[in-house]
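Working notes, beginning with the structure itself.
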Amino acid sequence: AFVEPEGEGLGEAAIVEAIAREGAMRAVDAKQREAQDARNRLEAWVYGLRNALDGRSGALLDRSFTEVLLDEVEEWLWGDGEGLGAEGYKEKLEASLKSMKEKCGGYFEEEERLQAEEERKEKEEEERRKKEEEESKLNEDHDNRILKFSERYAMAEKNKSEGNELFKDGNQKFAAERYVKALGHLAKLVHVETTMKEEDHAQAKALKITCYSNLAQCFLKMEVWNKAADNCTSALELDDSNAKALFRRAQARMELKEFELAVADCKRCLEVNAGDKAVEKLLEKAEKSIKAAEAKQKKMYGKMFG
């Protein structure tokens with residue numbers, strides 16, 4: 001029979017117990033992560049559908065019904081839905097989506113059609129881009145020509161306009177590439193900045209701000225929240241009162257759970273553009289999220305030390 005040794009070290013029974021305890025803790029952690037992921041998906045659905053009210057197919061949504069349903073889901077999330085397992089959040093999402101489809105089926109059919117169209121256009125754009133690269137004798141990444149301001153600026157403006165058209169068609173990825181190219185052209189103005197007039201500098205700065213802000217919008221659509229926030233910051237470094245950049249950074253910071261920073265951006269945005277309903281709505285949501293997080297933390301500490 002096995003006899004546990006005296007002195008330091010764990011005996012066989014203690015090791016088995018420790019392994020079992022660690023396995024149980026891992027299982028609990030996995031369940032908590034699964035529940036948090038399911039909750040995040042429900043929150044993202046609420047946020048996305050609320051934005052959709054003023055989006056491309058928003059006219060097909062019953063605004064009153066949708067707002068009531070989304071408000072109810074948000075109240076549930078911070079009330080009865082607090083601390084549930086993954087299945088609880090999945091069931092709530094399925095039930096909410098079912099109610100929306102029954103009431104606003106036309107919206108979902110139109111979004112499905114538009115999604116298919118976007119995928120088709122994206123494929124066509126990818127093919128066009130590959131062909132363009134094959135046919136191009138000049139790789140713009142190595143374009144170090146010293147061009148006059150008017151020529152280089154025109155190239156940047158052309159890329160920005162191409163990005164705008166691609167974005168309108170739902171091709172956010174390729175639109176972002178165009179805005180990056182535009183910024184690349186503007187960076188090369190350093191070679192001629194000593195010959196640029198005051199109005200040239202102003203034009204270049206305005207175009208840079210637009211490209212950074214548009215890039216941020218692309219990343220918001222692609223749900224790359226950190227890049228969306230970073231590009232807004234780049235725009236705000238050039239113009240700290242740019243309302244679009246402030247609002248878009250607040251949106252990104254909400255998704256990054258940086259609620260206090262989102263509040264600061266919203267308040268600054270309202271100083272610039274008072275009465276903006278979308279900003280006021282986001283500010284309200286951010287402040288509510290801060291209170292909910294504080295209540296959750298207080299509840300957690302209460303369980304730990306109560």
Side-chain angles (χ1 to χ4, degrees), residues 47-48 51 54-55 140-141 149 152-193 196-283 285-286:
Y47 183 71
N51 283 341
D54 298 310
E140 285 192 350
D141 290 337
F149 168 79
R152 187 63 77 182
Y153 182 85
M155 296 171 78
E157 181 65 39
K158 179 175 179 289
N159 284 148
K160 186 213 73 173
S161 297
E162 290 170 345
N164 290 351
E165 289 302 315
L166 287 165
F167 185 86
K168 288 177 185 176
D169 287 339
N171 293 324
Q172 291 91 14
K173 177 184 176 183
F174 299 116
E177 289 179 1
R178 290 299 192 278
Y179 296 134
V180 169
K181 282 187 176 182
L183 288 166
H185 284 305
L186 293 170
K188 290 167 187 173
L189 288 173
V190 67
H191 299 303
V192 295
E193 64 180 354
M196 288 166 55
K197 300 174 183 177
E198 186 176 341
E199 56 263 35
D200 295 339
H201 284 286
Q203 268 189 296
K205 179 180 177 181
L207 186 53
K208 277 185 183 179
I209 293 169
T210 297
C211 288
Y212 280 127
S213 182
N214 289 357
L215 257 177
Q217 184 69 350
C218 288
F219 286 122
L220 283 175
K221 289 289 185 181
M222 292 189 285
E223 300 184 358
V224 186
W225 313 121
N226 59 328
K227 287 189 177 183
D230 289 345
N231 278 282
C232 287
T233 298
S234 294
L236 290 164
E237 286 173 352
L238 296 169
D239 176 11
D240 63 2
S241 61
N242 187 279
K244 282 186 178 180
L246 285 165
F247 179 56
R248 290 169 183 172
R249 189 168 68 175
Q251 290 178 298
R253 284 174 163 175
M254 281 295 295
E255 295 297 336
L256 293 168
K257 310 298 183 187
E258 297 173 350
F259 303 129
E260 291 183 359
L261 292 175
V263 166
D265 280 341
C266 286
K267 288 183 176 179
R268 174 60 180 144
C269 190
L270 288 171
E271 288 176 8
V272 176
N273 194 14
D276 188 306
K277 298 299 181 185
V279 180
E280 289 176 349
K281 186 77 174 179
L282 186 61
L283 175 59
K285 182 179 179 182

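- Of the inter-residue distances, the one linking Asn164 atom CG with Asp169 atom CG reads 11.0 Å to the nearest 0.5 angstrom.
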Walk me through it: do Glu162 and Asn159 pass the test side chain to side chain contact (heavy atoms under 4.5 Å, CB included)?
CA-CA 5 Å; Glu162 290 170 345; Asn159 284 148; 3.2 Å; yes
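- Of all the heavy atoms in Trp225 and Leu220, the pair that sits closest is CZ3-O, 3.5 Å.
- Looking at heavy atoms from C-beta onward, Asn273 lies out of side-chain contact with Phe247 at the 4.5 angstrom threshold.
- Residue-environment remark: CD (Glu198) stays at or below the threshold of 12 foreign heavy atoms within 6.0 Å.
- Residues Ala250 and Ala262 share a closest heavy-atom pair of O-CB, 3.7 Å.
- When the shell of 6.0 Å around CD of Glu271 is examined, it contains more than 12 heavy atoms from other residues, nucleotides or ligands.
- Under the 3.5 Å distance criterion, the side-chain polar atoms of Tyr212 are left unmatched by any main-chain donor or acceptor of Tyr179.
- Taking CE from Met155 and NE2 from His185, the interatomic distance works out to 4.0 Å, rounded to the nearest 0.5 Å.
- The CG atom of Leu283 lies 11.0 Å from the CG atom of Asp276; values are rounded to the nearest 0.5 Å.
- Salt bridge annotation for Glu177-Lys173: absent, with no cationic side-chain nitrogen under 4.0 angstrom from a carboxylate oxygen.
- For Asp239, the side chain to side chain donor-acceptor pair (under 3.5 Å) criterion is met by Ser241, not counting sequence neighbours.
- Smallest separation of non-hydrogen atoms from Ala235 and Ala245: CB-CB, 4.0 Å.
- At least one side-chain heavy atom of Glu193 sits under 4.5 Å from a side-chain heavy atom of His201.
- The 12-atom threshold is not exceeded at NZ of Lys244, counting heavy atoms of other residues, nucleotides or ligands nearer than 6.0 Å.
- Taking CD from Glu258 and CZ from Arg249, the interatomic distance works out to 9.5 Å, rounded to the nearest 0.5 Å.
- Atom CZ of Arg178 sits about 5.5 Å away from atom CG of Leu166, to the nearest 0.5 Å.
- Rounded to the nearest 0.5 Å, atoms OH (Tyr47) and NZ (Lys285) are 6.0 Å apart.
- Between Gln203 and Leu207, every side-chain heavy-atom pair lies at or beyond the 4.5 Å cut-off.
- Of all heavy-atom pairs between Met222 and Ala176, the closest is CE-CB, 4.4 Å.
- When side chains are defined from C-beta on, Leu238 counts as touching Lys208, because their heavy atoms get closer than 4.5 Å.
- Side-chain N or O atoms of Arg248 include none that pairs as donor or acceptor with a backbone N or O of Ala228 at under 3.5 Å.
- Donor-acceptor pairing under 3.5 Å is lacking for the side chains of Gln217 and Asn214.
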Apply side chain to side chain contact (heavy atoms under 4.5 Å, CB included) to residues Leu261 and Leu256 and explain how you reach the verdict.
CA-CA 10 Å; Leu261 292 175; Leu256 293 168; over 6 Å; no
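- In plain terms, the two heavy atoms of Asp240 and Arg268 that are nearest each other are O-NE, 3.6 Å.
- Heavy atoms from other residues, nucleotides or ligands lying under 6.0 Å from NZ of Lys158 number 12 at most.
- The two atoms that bring Cys266 and Val279 nearest to each other are O-CG1, 3.6 Å, heavy atoms only.
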